[in-house]
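Working notes, structure below.
Side chains included, hydrogens not; waters and symmetry mates left out as well; all remaining heavy atoms used.
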Amino acid sequence: MTDYTRCPMLAVRVPEEMEVRLDNLARLTGRPKSYYVRQALEAHLDEIEERYTALYRLENPARRWTLDELEQDADQKA
């Protein structure tokens with residue numbers, strides 16, 4: 001089990017409806033709201049990273065090489 005008391009803290013603004021839902025869930029289960037926020041991040045952070053990385057790459061395309069350019073470079077290094 002991770003000791004979250006030694007982890008950095010993050011303040012997040014959420015809509016009031018989400019706050020109420022988190023409050024209700026925390027009260028019902030006896031767990032802190034931060035537990036559920038961590039659970040949500042752990043479940044979805046990979047997906048969010050992939051989505052925004054893909055969008056960034058579409059908006060900021062990198063240099064592309066042709067097969068001939070790659071082969072010429074490989075030949076020069078050999």
Side-chain angles (χ1 to χ4, degrees):
M1 182 175 208
T2 302
D3 179 10
Y4 290 109
T5 60
R6 297 175 183 252
C7 293
M9 191 163 102
L10 172 68
V12 179
R13 295 181 192 274
V14 296
E16 187 175 343
E17 178 186 336
M18 194 178 293
E19 172 75 8
V20 169
R21 290 174 65 188
L22 278 169
D23 277 336
N24 290 338
L25 183 59
R27 193 172 20 264
L28 178 70
T29 62
R31 291 186 183 266
K33 292 184 285 187
S34 59
Y35 171 82
Y36 295 107
V37 173
R38 277 193 304 275
Q39 292 294 306
L41 282 171
E42 288 174 8
H44 299 285
L45 190 55
D46 287 344
E47 173 187 330
I48 294 167
E49 284 175 329
E50 288 174 10
R51 180 184 306 137
Y52 284 96
T53 299
L55 288 172
Y56 175 83
R57 288 180 179 165
L58 285 172
E59 294 169 357
N60 302 282
R63 168 132 165 41
R64 296 176 186 248
W65 291 269
T66 66
L67 179 58
D68 288 337
E69 290 172 325
L70 291 173
E71 288 175 343
Q72 282 179 344
D73 187 51
D75 289 341
Q76 291 172 2
K77 289 182 180 179

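No side-chain donor from either of Asn24 and Arg21 sits under 3.5 Å from a side-chain acceptor of the other. Side-chain contact check for Tyr36 and Thr29: at least one donor-acceptor pair (N or O, by modelled atom type) lies under 3.5 Å.
Between His44 atom NE2 and Glu49 atom CD the span is 13.5 Å, to the nearest 0.5 Å. Between the CG atom in Leu22 and the CZ atom in Arg27 there is a gap of 11.0 Å [rounded to 0.5 Å]. To the nearest 0.5 Å, atoms OH (Tyr52) and CD (Glu59) are separated by 10.5 Å. For the atom pair OG1 (Thr53) and CD1 (Ile48), the distance works out to 11.5 Å, reported to the nearest 0.5 Å. In this structure, CZ on Arg38 lies 11.5 Å from CG on Leu10, to the nearest 0.5 angstrom.
For the pair Arg63 and Glu69, the tightest heavy-atom approach, listed with the atom from each and the gap, is NH2-OE2, 3.6 Å. Of all the heavy atoms in Pro32 and Ala26, the pair that sits closest is C-CB, 4.3 Å.
Summarising the local packing, CD of Glu16 is surrounded by 12 or fewer heavy atoms from other residues, nucleotides or ligands at distances under 6.0 Å. More than 12 heavy atoms of other residues, nucleotides or ligands lie within 6.0 Å of CD in Glu42, so this atom counts as buried by the packing criterion.
Note on Leu41 and Leu25: same hydrophobic cluster, where clusters join Ile, Leu, Val, Met, Phe, Trp and Tyr whose side-chain heavy atoms are under 4.5 Å apart, directly or indirectly. No single ILVMFWY cluster, assembled from side-chain heavy atoms under 4.5 Å apart, contains both Leu45 and Met9.
In this structure the side chain of Val20 never reaches within 4.5 angstrom of the side chain of Glu17, judged on heavy atoms.
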